[in-house]
Amino acid sequence: MSALPILLSIPHGGTRVPEQLQGRVRLTPLQLLYASDAFTHEIYDLGADVVGVVKAEVARACVDLNRAPDARPPSHPEGVVKQVTANGRVVYVEGSEPAPGLVEALMSRYFVPYHARLEERLASPGIALALDCHSMANKGLERQRDRGEPRPLFCLSNGNGATCPDDLLRAVGEALQITFGCGADEIGYNQPFAGGYITKTYGAGPTPWIQIEMNRRLYLTPDWFDKETLSLDPARARQLRAGFRAALERLGL
């Protein structure tokens with residue numbers, strides 16, 4: 001079977017702390033994992049079954065590849081090089097926050113190459129759809145607009161119609177409903193998220209882009225996740241990946 005004409009971006013699946021930041025980051029391995037989109041590599045990476053996959057190993061808490069490159073500290077503490085995580089945890093040991101020169105070095109080492117790979121892949125012929133792949137907490141975090149509110153199994157975003165036709169967005173939602181056996185109320189459209197930097201930036205071009213968020217209650221629970229070993233049940237990862245692939249196949253692109 002030929003590869004699906006879909007490009008996958010997985011920017012937040014990494015947990016690696018850059019060498020330049022070793023000894024500066026105060027987050028524990030578990031906190032780094034929770035600050036990332038944990039296990040999204042294992043869930044979304046379809047390998048040769050799609051025309052392209054771009055993913056990153058760097059921890060989101062250190063370099064956020066889905067933020068605008070000028071959203072830098074100290075004016076943007078949750079921007080591209082973070083000072084605090086989405087749930088308010090301080091990233092660095094006091095007094096060891098990256099200076100502007102180090103921020104620039106991190107951008108050159110991680111941000112610029114990731115986006116260059118995306119642009120290179122997008123220039124390839126035959127891409128009918130691009131997906132920016134994420135996960136989300138089961139409820140809105142304290143610092144977020146939907147704090148405390150329960151979230152659906154999936155959130156699909158197209159910048160309220162700016163990055164992808166609404167009928168294609170709905171088609172993806174319906175395919176997810178079928179493959180994951182959930183109701184229409186378990187698919188959110190542009191709620192609680194309307195798309196981030198990657199979707200909105202590249203969705204302005206000829207390729208339609210959708211940001212997809214999978215609820216972590218599908219896998220980041222005691223049934224499948226071991227907090228001691230920081231490991232996900234491989235069978236659960238395979239099951240979710242198979243469901244994701246089946247949903248994309250149903251699109252008939």
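Along the sequence shown, the residues carry numbers beginning at 1. All of these numbers come straight from a predicted model, not from anything done at the bench.
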Out of curiosity, does Val112 fall in the hydrophobic cluster containing Val63 (side-chain heavy atoms, cut-off under 4.5 Å, transitive links)? no
Applying salt bridge (Lys or Arg N to Asp or Glu O under 4.0 Å) to Lys55 and not counting sequence neighbours gives Asp45
Exercise for the section: Please find out if less than 6.0 Å separates the ring center of Phe154 from that of Phe180. Expected result: yes
Residues at least two apart in sequence or cross-chain that pass side-chain contact (heavy atoms from CB on, under 4.5 Å) with Gln191, listed by chain then number, are none
Less than 4.5 Å apart, side chain to side chain, heavy atoms only: is that true for Leu129 and Leu131?
yes
By side-chain contact (heavy atoms from CB on, under 4.5 Å), Val51 pairs with (sequence neighbours left out) Ala3, Ile127
For Asp233, the side chain to side chain donor-acceptor pair (under 3.5 Å) test, sequence neighbours excluded, returns none
Applying salt bridge (Lys or Arg N to Asp or Glu O under 4.0 Å) to Arg236 and not counting sequence neighbours gives none
Salt bridge (Lys or Arg N to Asp or Glu O under 4.0 Å) filter on Glu104, not counting sequence neighbours, yields Arg72
side-chain hydrogen bond (donor to acceptor under 3.5 Å, both in side chains) pairs touching residues 123-134, sequence neighbours excluded, are Ser9-Asp132, His12-His134, Asp37-His134, Asp132-His134
Sequence neighbours excluded, the answer for side chain to side chain donor-acceptor pair (under 3.5 Å) partners of Arg241 is none
* Asked: Is there a side-chain contact between Leu106 and Cys62 (heavy atoms, below 4.5 Å)?
  -> no
Output field: ring centroids Tyr44/Phe244 closer than 6.0 Å = yes
Quick note, ring-ring contact (aromatic ring centres under 6.0 Å, His included) partners involving residues 77-114, not counting sequence neighbours, are Phe111-His115
By side chain to side chain donor-acceptor pair (under 3.5 Å), Tyr189 pairs with (sequence neighbours left out) none
Side chains of Gln211 and Asn190 in contact at under 4.5 Å (non-hydrogen atoms): no
Open item on the list: Side-chain heavy atoms nearer than 4.5 Å, only ILVMFWY residues, links allowed to pass through others: does that put Trp209 and Val172 together?
Closed with: no
Main-chain N/O of Asn138 paired to Arg151 side chain as donor or acceptor, under 3.5 Å: no
Residues at least two apart in sequence or cross-chain that pass salt bridge (Lys or Arg N to Asp or Glu O under 4.0 Å) with Arg67, listed by chain then number, are Asp64
Asn66 meets the side chain to side chain donor-acceptor pair (under 3.5 Å) criterion, sequence neighbours left out, with none
